[in-house]
Amino acid sequence: MNQRANDRVIIFDTTLRDGEQAPGCSMTLREKLRVATALRDLKVDVIEAGFAAASPGDFAAVANIAEQIEGPIICSLARCHPGDIEKAAQAVAPAKHNRIHVFVATSEIHRKYKLEMAKDEIIKRAVDAVRMAREVCDDVEFSPEDASRTEPAYLADVVAAVIEAGAGTVNIPDTVGYTIPDEFSDLFAYLKANVPDIDKTVLSVHCHNDLGMAVANSLAAVTAGVRQVECTINGIGERAGNCSLEEIVMALKTRSGHFGIGTAIDTQKLYPTSRLVSQITGMHVPRNKAIVGENAFAHEAGIHQHGMLKHASTYEIMRPEDVGLSKSNLVLGKHSGRHAFRERVEQLGFSPNDTELNRAFEKFKHLADRKKELFDADIEAIIMNVEGDQRGPWILNELNTSASTAALATGSVHLGHEDGHTIEKAAVGAGPVEAAFKAIEQAAGIETKVRNFEVRSVSMGDDAQGEVTVTVDYNGHSYRGNGISTDIVEAGARAFLEVINLICRQQAAGTLDDKNSPTDKVATI
Ligand code: KIV
Ligand code: ZN
């Protein structure tokens, strides 16, 4: 199916492909399915679910998303190689609407140094690939990689050839984030004037953010008539990232008078989707990030607060509720019941099932005993972490640590295993976190190397919860876990135990998941 939309901009989300490709952003299959579900609920038009030929893990992710996620077009990336196209076709086959996205580089630099191919050889390869993909899939997209640094006349020849070969969408990537809005807009005007059948295809744009202009360049392309924008949640992606989905969508919505065209995105889901991706990838959203940063709607200066109290539009160009941020920030306390809790969770844009909600409510009650005031961020953190906490085989029954400036720290843990046995271990370390980690390693019989330990305050106040993200190396792979608690040593231990559990589950299943494993990726992109 080739989706045509002249009345709106098609949102092609590549969080699970270009976003996931960025260092430290890899996701497990389960995490990818959670993100794909959130993208479906957000109402993106196309989900680029991965690069099926890159690794067995990528193939499985695309195939599972194609099987389970209904609504958006499910797409796989493929190089212009028959093997890649076959894999992509197989992986997306279960989806009701599917697409194959083939690409080859076209710029002189790439032709000369990477591909060592002449201009006409590249055109032939592109045409053969589009034809082959069209034999197995009605909806084919083509990207000339590094298009913005390709000679315009040659780019026009490539685009004309792939349209003739059957590409329903032609995407023009600014692969290295080099272009600027005026220049990019001129490139589209040039293509429109010089490619005879350009109206037979949907023109698309794919911008990287190396000079901080991915969103501006994508908007310039829309003004020049482009009708598909490729983007990622929180702008994650290679190097400085990709065009941020939430920014492009809200720019089109907020300045609809200027652009005269919008998207089908359910904007109230932007904030929860951003939080989900940030929590899963461990890539924290900066406080001042447009649209979804914590400060995006906070007004500190007295003069601003005064204006806001008189009329919100004095300093607010968007309503926080339109992006899924609810107005009240101070929320529930220890006397709040399950019903109020559910309502708040739903107002925050989450839709947990009954089991998840019950688990989250238990954690909420427990937290309310330790913390005076619970903010929206606390509730969000509970909901996001509820799944990780419940996935064994190990659970943390008890943790004790002691630290002193005069001696080594000590830590002891009591862990329960899902098969019913329990174990207690103690260890010493340079600090309480190291002591706790070593005790957990001894209990589980797994030795890892901790690569990164990050702490972030979830909300405000002395009793705020800390969220810890731990990244460890084990057996040539990298694993990440999250934990939250009002005590950061406990949060660290929970995050570390999440990692240990992930390793144990893989050992039990006899699989080494490709989480964070760059060695499993194809090196050419
Ligand atoms: O940045 C890029 O050029 C890409 C292509 C594969 C579309 O990601
Ligand atoms: Zn890209």
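These figures come from a predicted structure and were not determined experimentally. Counting starts at 1 for both ligands and their atoms, in listed order.
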Open item on the list: Is the positively charged end of R111 above the ring of Y154, judged by distance under 6.0 angstrom from the centroid and angle within 45° of the axis?
Closed with: yes

- [ ] Could you tell me which atoms of ligand 1, counted from 1 in the order shown, lie closer than 4.0 angstrom to a heavy atom of S143?
- [x] 7 (C)

Open item on the list: Does ligand 1 come near enough to T175 that some N or O of the ligand is less than 3.5 Å from an N or O of the residue?
Closed with: yes

Open item on the list: Rounded at 0.5 Å granularity, tell me how far CG in N242 sits from CD in Q21.
Closed with: 9.0 Å

Task: ligand 1 contacted by R17 (non-hydrogen, < 4.0 Å) - done: yes

- [ ] Run down the list Q21, H206, H101 and name the one with the heavy atom closest to atom 4 (C) of ligand 1.
- [x] H206

Task: Part of D18 within contact of ligand 1 (heavy atoms, under 4.0 Å) - done: side chain

TODO: Could you point out which residue of T175, D18, D174 forms a side-chain hydrogen bond (donor to acceptor under 3.5 Å, both in side chains) with H206?
DONE: D18

- [ ] Quick one: look at H208 and ligand 1, take heavy-atom pairs under 4.0 Å, and tell me if it's side chain, backbone, both or neither.
- [x] side chain

Open item on the list: Whether E247 and K289 form a salt bridge (side-chain N of Lys/Arg under 4.0 Å from carboxylate O of Asp/Glu) is what I want to check.
Closed with: yes

Open item on the list: Under 4.0 Å between a side-chain nitrogen and a carboxylate oxygen: does that hold for R8 and D45?
Closed with: yes

Task: Those atoms of ligand 1 less than 4.0 Å from some heavy atom in E145 - done: 3 (O)

Open item on the list: Under a 4.0 Å threshold between the charged nitrogen and the carboxylate oxygen, would E145 count as salt-bridged to K114?
Closed with: yes

- [ ] Decide whether Q506 and Y479 meet the rule of one side-chain donor and one side-chain acceptor closer than 3.5 Å.
- [x] yes

Task: Carboxylate-amine/guanidinium proximity below 4.0 Å for K124 and D120 - done: no

Task: the Zn ion (ligand 2) neighbourhood, protein N/O/S only, threshold under 2.8 Å - done: D18 OD2, H206 NE2, H208 NE2

Task: Interatomic distance, N475 atom CG to I503 atom CD1 [nearest 0.5 angstrom] - done: 8.5 Å

